[in-house]
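One structure is given here, and the rest of the page talks about it.
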Amino acid sequence: GRCRCRVSRVWWSRRVRAGVVQSGLLYWGGCGGVGARVDGGAAVGRGGAWADRSGVVAGELGAAFDRATAAGRVPVIAEIKPTSPTTDGTREDDPVELAESMVAGGATALSVLTEPDHFGGSVETLRRVRAAVDVPVLRKDFLVDEAQLDAAESDVVLLIARFVGDDLRSLLAAARDRGFQVLVEVHDREELTTAVEAGATYIGVNNRDLARLVVDLETFESVAPAAPDDVTLIAESGISTPADVRRMREAGADALLVGSAIMAGDVESTTRALTRADDADADNAVTDGGTASDTVTDHEETDTHDVTTHT
């Protein structure tokens with residue numbers, strides 16, 4: 001036991017090729033989105049500028065989690081997400097400034113959206129952020145094809161088990177061959193088993209149900225007990241308050257990925273409140289949008305004609 005989009009158009013399909021996902025939803029993206037290709041196909045991962053920097057060890061996600069825990073912080077992956085289908089408007093701040101504020105607030109790692117059409121992300125933003133910080137950086141996009149792995153350098157990439165289907169094992173191997181660490185996202189115990197059997201060591205449990213379009217923290221609580229002890233579990237979606245952080249940690253989360261709640265207010269203060277969730281005054285940490293406990297954007301629901309995404 002463990003101790004502790006609204007998108008252009010979607011439809012259901014069983015195929016996993018060129019913009020279609022297994023038992024899931026079609027996401028039309030741009031550069032780095034579903035079906036993207038990169039001229040030349042140069043393999044990228046932890047190479048490039050990162051390899052020349054003195055803080056190479058900072059790119060190791062597990063080591064970063066360990067350092068945060070040793071320093072008394074909850075390991076939080078803070079997400080740079082200028083907009084999303086479930087939020088109003090677009091945050092126009094310089095992504096590098098946001099990234100630096102997140103790290104100043106104690107973020108253990110960063111997640112950067114590279115899907116442009118619905119999240120305002122870009123590969124260029126990923127490049128700039130990664131060059132500016134000494135923490136691991138996750139590329140967040142809808143990757144279903146090996147060629148998409150060649151779009152940009154990052155320390156970690158995301159593979160969504162529901163979307164890649166039977167290709168998970170081969171995509172996991174292809175990503176590792178390129179030097180990436182891989183976060184595999186699941187939503188239920190069946191997908192967890194698939195991820196473990198494919199060899200995943202970092203597994204994110206998404207509290208957002210893409211079929212019912214709702215967020216429920218009980219999702220993580222129901223999936224986590226089935227995870228092997230040697231898997232690093234990351235709770236995703238619906239985490240808005242220090243109380244949510246404590247709840248997920250008690251259920252077995254080794255780390256948390258938080259996007260909308262951080263982007264909605266004062267980035268540094270909110271990040272600090274979540275990473276210091278075990279502190280007595282964490283619930284009173286003030287952000288621009290009120291207290292951290294007032295931030296509830298990740299709990300929004302949409303009508304059945306739209307798609308609430310995993311971020």
Side-chain angles (χ1 to χ4, degrees), residues 58-65 67-69 71-84 86-87 91 93-115 119-121 125-126 128-141 154-158 181 183 185 202 204 206-208 232 234-242 244-246 248-249 253-279 282 285-289 292-293 295-298 309-311:
E60 299 294 343
L61 196 58
F65 289 166
R67 287 194 297 274
T69 300
R73 300 194 313 275
V74 175
V76 169
I77 304 173
E79 187 158 87
I80 298 171
K81 180 170 56 176
T83 188
S84 81
T86 59
T87 57
R91 184 148 187 173
D93 304 59
D94 182 354
V96 170
E97 294 181 1
L98 292 173
E100 292 172 341
S101 294
M102 290 169 176
V103 173
T108 301
L110 300 179
S111 170
V112 179
L113 267 295
T114 56
E115 196 286 320
F119 295 90
T125 294
L126 174 66
R128 292 182 60 224
V129 166
R130 192 163 177 259
V133 299
D134 285 309
V135 299
V137 177
L138 163 71
R139 177 189 174 197
K140 177 75 82 68
D141 210 323
S154 65
D155 303 294
V156 192
V157 293
L158 176 74
Q181 300 161 84
L183 173 60
E185 179 180 295
Y202 296 105
N206 188 1
N207 288 310
R208 192 183 303 279
T232 299
I234 299 168
E236 304 173 4
S237 293
I239 301 153
S240 300
T241 70
D244 292 336
V245 172
R246 292 191 292 271
M248 293 293 93
R249 292 283 277 174
D254 298 299
L256 304 99
L257 191 152
V258 184
S260 297
I262 290 176
M263 292 292 292
D266 181 275
V267 167
E268 183 174 343
S269 296
T270 305
T271 303
R272 182 173 293 109
L274 298 177
T275 60
R276 297 293 183 179
D278 292 334
D279 292 353
V286 177
T287 70
D288 282 349
S293 58
T295 308
V296 295
T297 53
D298 268 330
T309 69
H310 71 292
T311 56

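These numbers come from the heavy atoms of this one structure, side chains and all, not from hydrogens, waters or symmetry mates.
- A heavy-atom distance below 4.5 Å is found between the side chains of Arg128 and Asp94.
- Using a 4.5 Å heavy-atom cutoff, the side chains of Thr271 and Ser101 are not in contact.
- Atoms CG and CD1, from Leu256 and Ile234 in turn, are 9.0 Å apart once rounded to the nearest 0.5 Å.
- Side chain of Arg246 to backbone of Ala277: a donor-acceptor contact under 3.5 angstrom is found.
- Contact detail for Asp141 and Thr114: the closest heavy-atom pair is OD2-OG1, 2.6 Å.
- Residues Arg139 and Leu158 are not in side-chain contact: their nearest non-hydrogen atoms beyond the backbone lie 4.5 Å or more apart.
- A donor-acceptor contact shorter than 3.5 Å links the side chain of Asn207 to the backbone of Glu236.
- Contact check for Ser154 versus Lys140: no side-chain heavy atoms found under the 4.5 Å cut-off.
- In this structure, Thr69 and Pro75 approach most closely via the heavy-atom pair OG1-CG, 3.6 Å.
- Evaluation of the salt bridge (Lys or Arg N to Asp or Glu O under 4.0 Å) rule for Glu268 yields Arg272 as partners, not counting sequence neighbours.
- Atoms CD1 and CG, on Ile239 and Leu257 in that order, are 7.5 Å from each other to the nearest 0.5 Å.
- When all heavy atoms of Ala68 and Thr108 are compared, the pair lying nearest together is CB-OG1, 3.2 Å.
- Side-chain contact between Met263 and Met102 is present, with at least one heavy-atom pair separated by less than 4.5 Å.
- In summary, of the residues considered (Ile262, Asp93, Ile80), a side chain to side chain contact (heavy atoms under 4.5 Å, CB included) with Val267 occurs for Ile262 alone.
- Here the closest non-hydrogen pair linking Val135 and Ala107 is CG1-O, 4.2 Å.
- Within the 4.5 Å cutoff, the side chain of Pro242 has heavy atoms near those of the Leu274 side chain.
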Item to complete: Go through Gln181 and Leu138 one step at a time and tell me if the side chain to side chain contact (heavy atoms under 4.5 Å, CB included) criterion holds.
Response: CA-CA 9 Å; Gln181 300 161 84; Leu138 163 71; over 6 Å; no
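- Residues Asp155 and Leu61 have side chains not in contact (no heavy-atom distance under 4.5 Å, counting atoms from C-beta outward).
- Residue Ala132 comes nearest to Glu100 through the heavy atom pair CB-OE2, 4.3 Å, listed as atom of the first residue, atom of the second, then distance.
- Using a 4.5 Å cut-off on side-chain heavy atoms (C-beta onward), Ile77 and Val156 make no contact.
- Of all non-hydrogen atoms in Ser240 and Ala261, the two that sit nearest each other are CA-CB, 3.7 Å.
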